[in-house]
Amino acid sequence: MRRVIKPAEFQGKNTLALARWLLGKVLVRTTSSGRVTATITDVEAYVGEKDLACHASKGRTKRTEIMYQSGGRWYVYLCYGVHEMLNLVTGPADYPAAILVRGLETVSGPGRVTKRLSIDRKLNGALATRAAGLHLQDHGLVPPRGSIKSGPRIGVDYAGPVWAAKSWRFWIEG
DNA sequence: ACAAGGATACCT
DNA sequence: GGTATCCTTGTC
């Protein structure tokens, strides 16, 4: 069983539930030089303006505008002037939330994820469709019960103790 | 332990 | 127009 996941599936649903659900789903990157697929194993949720770790905590700006669009779009930004970060926008329009893809089955670290899949900011704002060159598939692989772990998000100490402590990172053990 | 590296937001 | 800061990584 192999099903294409549509952008609409990321609208109007709880972002934390979506983040957990995204584990085991498959990223499909299509470019002129071919196709690369990878299973998602590590994600983080960023939810709403109140979440001080979320870029949208600064409100609606040129950069965060994409997070206020309806879910199912890619949000790609540059971090530390070095690494591209891949996020999937979730939720309805005007509610800023996104899920950071932090790791793949054979790749640890969000900067390496985008490197592996040849992803950069040119994809920012694109819908998660095959036509855009990056979409998702459900291969029916559900992580074994108990293999899903959760814990604090990485690199967000600046958000203060309350928000940095939220267990909004989800990953498949191993 | 720390430099690299560029965009962003928020000052003046 | 100046500057502190950033959802990191590789090499020191």
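Residue numbering restarts at 1 for every chain, and letters A, B, ... go by the order of the sequence lines. For clarity, every value in this text was computed on a predicted model and none was experimentally measured.
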A:V82 near the nucleic acid: base, sugar-phosphate alone, or nothing, with a heavy-atom cut-off under 4.0 Å? base
Check A:E9 with A:R3, please: is the shortest side-chain N to carboxylate O separation under 4.0 Å? yes
Verify whether one side chain among A:S118 and A:T31 offers a donor that lies under 3.5 Å from an acceptor in the other. no
Determine the contact category for A:R121: base if any of its heavy atoms lies under 4.0 Å from a base atom, sugar-phosphate if only primed atoms, P, OP1 or OP2 are that close, otherwise nothing. sugar-phosphate
Students often get this wrong, so: under 4.0 angstrom with heavy atoms, is A:R63 touching a base, only sugar-phosphate, or nothing? sugar-phosphate
Backbone N or O of A:G59 within a donor-acceptor pair of the A:T64 side chain at under 3.5 Å? yes
Represent DNA chain C in dot-bracket notation, 5' to 3'. Only Watson-Crick or G-U wobble pairs with both distances under 3.5 Å count; pseudoknot-style crossings use [ ] and interstrand partners use |. ||||||.||||.
Under the salt bridge (Lys or Arg N to Asp or Glu O under 4.0 Å) rule, what do A:D94 and A:R60 come out as? Steps first, then yes or no, please. CA-CA 9 Å; A:D94 297 323; A:R60 208 160 184 150; 3.1 Å; yes
Can you confirm whether more than 12 heavy atoms, excluding those of A:D157, are under 6.0 Å from its CG atom? no
Heavy-atom contact window of chain A on DNA chain C, given 5' to 3' at under 4.0 Å: C:dC6 to C:dG10
May I ask you to decide whether A:R153 forms a salt bridge with A:D51, counting only side-chain N to carboxylate O separations under 4.0 Å? yes
Of A:Y80 and A:K58, whose closest DNA chain B nucleotide lies nearer the 5' terminus? A:Y80
What pairs of donor and acceptor atoms, side-chain ones from residues 163-171 of chain A against any protein atom, are under 3.5 angstrom apart with sequence neighbours left out?
| residue | atom | partner | partner atom | Å |
| --- | --- | --- | --- | --- |
| A:W163 | NE1 | A:K50 | O | 3.4 |
| A:R169 | NE | A:D42 | OD1 | 3.2 |
| A:R169 | NH2 | A:D42 | OD2 | 2.7 |

